[in-house]
Amino acid sequence: MSITTYQDLQVWQNSMNLAERVYDLTRQFPKEELYGMTSQIRRAVISIPANIAEGWGRRYPAEFIQFLRQANGSRAELETLLLLSAEVGLATKTAVEPLLHELEILGKQLVNLERSIQRKKC
């Protein structure tokens with residue numbers, strides 16, 4: 001399959017699926033967390049596919065790599081927030097664990113895509 005747009009990237013597709021699952025999880029958070037943890041988690045998860053798309057749109061490999069790194073930073077932020085949400089009782093560890101596993105895979109995909117772009121630049 002040929003990649004003609006960022007939407008063809010498996011890493012973008014996976015990050016969009018993750019965003020849907022994270023939204024489902026945060027819908028269960030208490031209403032008083034709407035402007036706290038819920039908002040912070042949602043901003044972090046949205047940032048992952050958004051940065052992939054924006055980097056793609058820049059059309060320069062070095063800029064795309066920078067945005068992939070920002071997406072990976074948001075991935076790490078989201079991981080931390082999900083761990084914290086389980087620690088403070090906003091979510092169960094059982095609910096968070098599959099998302100953490102997906103984040104681990106997503107991190108590997110982001111790094112592999114970055115490496116692939118770097119190899120093509122040389």
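All figures in this text were calculated on a predicted structure; none of them were measured in a lab.
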| query | In Å and rounded to the nearest 0.5 Å, what is the CG to CD distance from L113 to Q118? | reply | 10.0 Å

| message | Could you report the tightest heavy-atom contact between S74 and A44, atom names first, then the distance? | response | CB-O, 3.7 Å

| field | Heavy-atom donor-acceptor pair, T38 side chain to E33 backbone, under 3.5 Å | value | yes

| Would I41 and L25 count as a side chain to side chain contact (heavy atoms under 4.5 Å, CB included) if you check the C-alpha gap in whole Å, the side-chain angles of each, and the deciding distance to 0.1 Å? | CA-CA 10 Å; I41 287 174; L25 174 73; 5.9 Å; no

| task | List the atom of D24, the atom of Q28, and the distance in Å for their closest heavy-atom pair. | result | O-NE2, 3.7 Å

| Would you say F67 and M16 are hydrophobically clustered, going by side-chain heavy atoms of ILVMFWY under 4.5 Å? | no

| request: Drop me the distance from H101's NE2 to L18's CG, to the nearest 0.5 angstrom. | output: 12.0 Å

| query | If you look at every heavy atom in G107 and N72, which pair is closest and at what distance? | reply | CA-OD1, 3.8 Å

| query | Taking L78 as the fixed residue, which of L99, I48, L83 is the one that meets the side chain to side chain contact (heavy atoms under 4.5 Å, CB included) rule? | reply | I48

| message | I'd like to know whether L84 forms a side chain to side chain contact (heavy atoms under 4.5 Å, CB included) with M37, so could you lay out the CA-CA distance, the side-chain angles of the two residues, the decisive distance to 0.1 Å, and finally the verdict. | response | CA-CA 9 Å; L84 182 58; M37 188 72 88; 3.6 Å; yes

| query | Which residue pairs satisfy the ring pair (Phe, Tyr, Trp, His ring centres under 6.0 Å) criterion with at least one member in residues 8-44, sequence neighbours excluded? | reply | Y6-W12

| In the single-linkage hydrophobic clustering (I, L, V, M, F, W, Y; side-chain heavy atoms under 4.5 Å), do L106 and L100 co-cluster? | yes

| request: Can you measure from OG1 (T4) to CG (L9) and round to the nearest 0.5 angstrom? | output: 9.5 Å

| For the residue pair I52 and F64, what are the closest heavy atoms and their distance? | O-CE1, 3.5 Å

| query | Are the side chain of S15 and the backbone of V11 linked by a donor-acceptor contact shorter than 3.5 Å? | reply | yes

| field | For D8 against S2, the heavy-atom pair lying closest together | value | OD2-O, 3.7 Å

| query | Can Y60 be reached from I3 by stepping across I, L, V, M, F, W or Y side chains whose heavy atoms are under 4.5 Å apart? | reply | no

| For Q40 and E77, what are the C-alpha separation, side-chain angles and deciding distance, and is it a side chain to side chain contact (heavy atoms under 4.5 Å, CB included)? | CA-CA 9 Å; Q40 191 71 23; E77 177 185 6; 2.8 Å; yes

| message | Are more than 12 heavy atoms, taken from residues, nucleotides or ligands other than Q7, located less than 6.0 Å from that residue's CD atom? | response | yes

| note | One should read off an interatomic distance between E114 CD and Q66 CD, to the nearest 0.5 angstrom, of 9.0 Å

| task | Calculate, to the nearest 0.5 Å, the distance between atoms CG and CD belonging to N17 and Q10 respectively. | result | 8.5 Å

| field | Qualifying residues under salt bridge (Lys or Arg N to Asp or Glu O under 4.0 Å), relative to E97, sequence neighbours excluded | value | none

| task | Determine, stepwise, if the pair S39 / R43 fulfils side chain to side chain donor-acceptor pair (under 3.5 Å). | result | CA-CA 6 Å; S39 177; R43 281 195 307 269; 2.5 Å; yes

| So, for Q109 and N14, which heavy atoms are closest and what is the spacing to 0.1 Å? | NE2-ND2, 2.9 Å

| field | Positive for side chain to side chain contact (heavy atoms under 4.5 Å, CB included) with V22, one of V45, I46, L103, L81 | value | V45

